[in-house]
Amino acid sequence: MKVPFLDLRREYASIKGEIDKAINEVFDTTQFILGPDVKSLEEEIARYCETKYAIGVASGTDALLLSLKAFGVGSGDEVITSAFSFFSSAGVIANLGAKPVFVDIDPLTYNIDPQQIEKRINKKTKAIMPVHLFGQCADMDPIMKLSQKYNLRVVEDAAQAIGAKYKERRAGSMGDAGCFSFYPTKNLGAAGDGGMVITNKPDLAEKIKVLRVHGQKSKYSHSIVGYNSRLDTLQAAILKVKLKYLESWHEKRRGNAEYYNKAFKGIEIITPKAEIWNYHIYNQYTIAVKNRDKLKEHLISNQIGFDTYYPVPLHLQKCFEDLGYKEGDLTNSERKALKVISLPIYPGLKRDEQDFVIEKIKEFVINPV
Ligand SMILES: *Cc1c(COP(=O)(O)O)cnc(C)c1O
């Protein structure tokens with residue numbers, strides 16, 4: 001049996017009529033840039049996340065970039081983030097001329113360890129960017145406390161966590177700004193790139209709106225230098241259709257995760273830990289195993305899809321060599337990078353496919369080849 005890691009065709013097939021209609025309606029109006037669907041999607045996402053504002057931008061990366069830019073982060077500043085994340089989290093900091101400062105993770109949740117943050121705060125620190133990895137919120141209470149104590153901005157990288165909750169609050173709604181990605185593999189995925197910033201701060205919302213259109217407040221009048229970073233109307237129209245199904249898709253992912261958790265009980269696999277106060281939306285179901293690379297071969301030979309999030313922690317990336325980190329500095333991130341593997345978890349995954357994945361993994365763990 002061939003089990004794809006992610007099959008977006010299944011999702012499309014289930015809502016094809018609605019998606020096609022939404023696309024056709026955009027073509028009927030041809031308002032491709034900042035059309036009415038962008039505004040209504042922004043309102044719907046703000047309502048869904050219980051924030052006052054939401055601003056559509058071109059990608060999750062840009063959502064992070066524009067947020068930091070709006071807070072004035074630039075040359076000479078430092079921003080603290082997790083060493084175990086997708087590249088963007090650190091890339092945007094460096095692209096603004098600031099310095100990413102990496103903090104190790106809690107080895108059970110894969111999220112930034114709040115205990116390790118304070119010792120990295122200094123006079124240059126401008127912001128903390130926790131990442132809600134794999135669909136589970138980082139431990140936000142201690143992070144918000146530190147931000148108050150040291151007057152730092154908090155930008156939540158909630159790219160993988162739209163709809164996740166931390167103590168009843170939605171991912172992205174707790175910091176000064178929350179950033180989402182609509183990259184096709186995220187729980188709410190567009191047909192291309194897209195992103196959004198949510199916030200309760202009117203001045204920040206206004207600034208990001210200006211930044212996404214070249215820094216212009218009114219046409220051809222530029223008070224600041226901005227970007228071209230708008231969310232396409234076509235993407236917004238597609239996302240509006242999908243948003244209606246998002247909660248039911250989260251539930252399916254959670255059900256699949258629970259099914260794996262039960263099946264893997266008692267064998268030598270570290271299954272993902274969800275804190276009891278979190279509502280985990282399982283953008284990824286990531287396990288840690290010994291002989292990870294052998295397991296990969298075993299899965300390939302059985303035509304089971306997987307991916308590795310992430311094989312190299314950010315502090316050891318070649319492009320950050322100049323920051324002076326070395327192996328042994330952030331050991332939880334380094335160890336996990338060698339052991340993690342993410343399994344198929346998407347809502348359209350069929351039970352017999354999941355059973356096959358479980359059978360093949362158990363076979364490997366119990367009788368390693
Ligand atoms: C996907 C992702 C991003 C970037 O989003 P894009 O829309 O691809 O630019 C940033 N951070 C994390 C943790 C992500 O998973």
Side-chain angles (χ1 to χ4, degrees), residues 5-6 8 41 45 54-69 79-96 100 102-103 105-106 109-112 127-138 140 143 154-164 166 171-172 175 177-198 208 211-212 227-232 234-236 238-239 242 253 272 280-286 307-315 317 333 336-337 340 342 345-346:
F5 177 61
L6 173 66
L8 290 171
L41 178 73
I45 298 244
I55 307 99
V57 294
S59 68
T61 304
D62 276 8
L64 296 168
L65 183 78
L66 269 59
S67 298
L68 291 177
K69 178 83 182 172
V79 177
I80 292 173
T81 193
S82 171
F84 196 69
S85 180
F86 178 63
F87 182 73
S88 282
S89 317
V92 292
I93 301 167
N95 270 331
L96 286 169
F102 298 112
V103 165
I105 53 167
D106 170 337
T109 64
Y110 303 98
N111 278 324
I112 192 166
I128 307 173
M129 186 197 290
V131 182
H132 304 319
L133 205 70
F134 302 145
Q136 168 164 235
C137 287
M140 289 301 290
I143 292 172
V154 174
V155 175
E156 293 174 64
D157 181 344
Q160 301 181 3
I162 188 165
Y166 174 82
C179 300
F180 299 128
S181 164
F182 303 127
Y183 187 80
T185 62
K186 309 292 157 106
N187 285 32
L188 181 61
D193 281 307
M196 198 164 278
V197 179
I198 58 169
I208 287 172
L211 281 172
R212 79 175 168 182
Y227 302 86
N228 175 356
S229 183
R230 294 164 296 226
L231 176 65
D232 290 339
L234 269 171
Q235 301 300 351
I238 290 165
L239 291 164
K242 291 184 158 197
R253 285 173 182 269
H280 194 326
I281 59 154
Y282 293 97
N283 179 243
Q284 298 300 340
Y285 183 89
T286 301
D307 214 327
T308 313
Y309 303 114
Y310 295 93
V312 181
L314 295 174
H315 67 289
Q317 291 288 350
S333 302
K336 287 301 177 183
V340 287
S342 301
I345 188 73
Y346 52 104

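If you read the sequence from its start, that first residue is 1, and numbering goes on from there. Just so you know, ligand 1 is whichever comes first in the structure, and atom 1 is the first atom listed for that ligand. None of the values given here were measured: they were computed from a predicted structure.
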Using side-chain heavy atoms (C-beta onward) and a distance below 4.5 Å, is Leu64 in contact with Met129?
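Counting from C-beta outward, Leu64 and Met129 do come under 4.5 Å.
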Within-4.5 Å side-chain heavy-atom neighbours: Tyr227 and Leu65
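SC-SC contact between Tyr227 and Leu65 confirmed.
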Using the ring of each side chain (for Trp, its six-membered ring), is Tyr310 parallel, tilted or perpendicular to Phe86, with breaks at 30° and 60°?
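Plane angle between 30° and 60°, so tilted.
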Where does the angle between the aromatic ring planes of His315 and Phe102 fall among parallel (under 30°), tilted (30 to 60°) and perpendicular (over 60°)?
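Rings of His315 and Phe102: tilted, 30 to 60°.
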Could you check whether Asp106 and Asn111, counting side-chain N and O atoms only, form a donor-acceptor pair closer than 3.5 Å?
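No, no side-chain donor-acceptor contact under 3.5 Å.
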Counting neighbours of OH on Tyr309 that are heavy atoms of other residues, nucleotides or ligands and sit closer than 6.0 Å, is the number greater than 12?
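Check passes, neighbour count above 12.
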Could you list each N/O atom of ligand 1 together with any protein N/O atom closer than 3.5 Å, one pair per line with the distance?
| residue | atom | partner | partner atom | Å |
| --- | --- | --- | --- | --- |
| ligand 1 | 5 (O) | Ser181 | OG | 3.2 |
| ligand 1 | 7 (O) | Gly60 | N | 2.8 |
| ligand 1 | 7 (O) | Ser181 | OG | 2.6 |
| ligand 1 | 9 (O) | Gly60 | N | 3.4 |
| ligand 1 | 9 (O) | Thr61 | N | 2.8 |
| ligand 1 | 9 (O) | Thr61 | OG1 | 2.4 |
| ligand 1 | 11 (N) | Asp157 | OD1 | 3.2 |
| ligand 1 | 11 (N) | Asp157 | OD2 | 2.8 |
| ligand 1 | 15 (O) | Gln160 | NE2 | 2.7 |
| ligand 1 | 15 (O) | Lys186 | NZ | 2.9 |

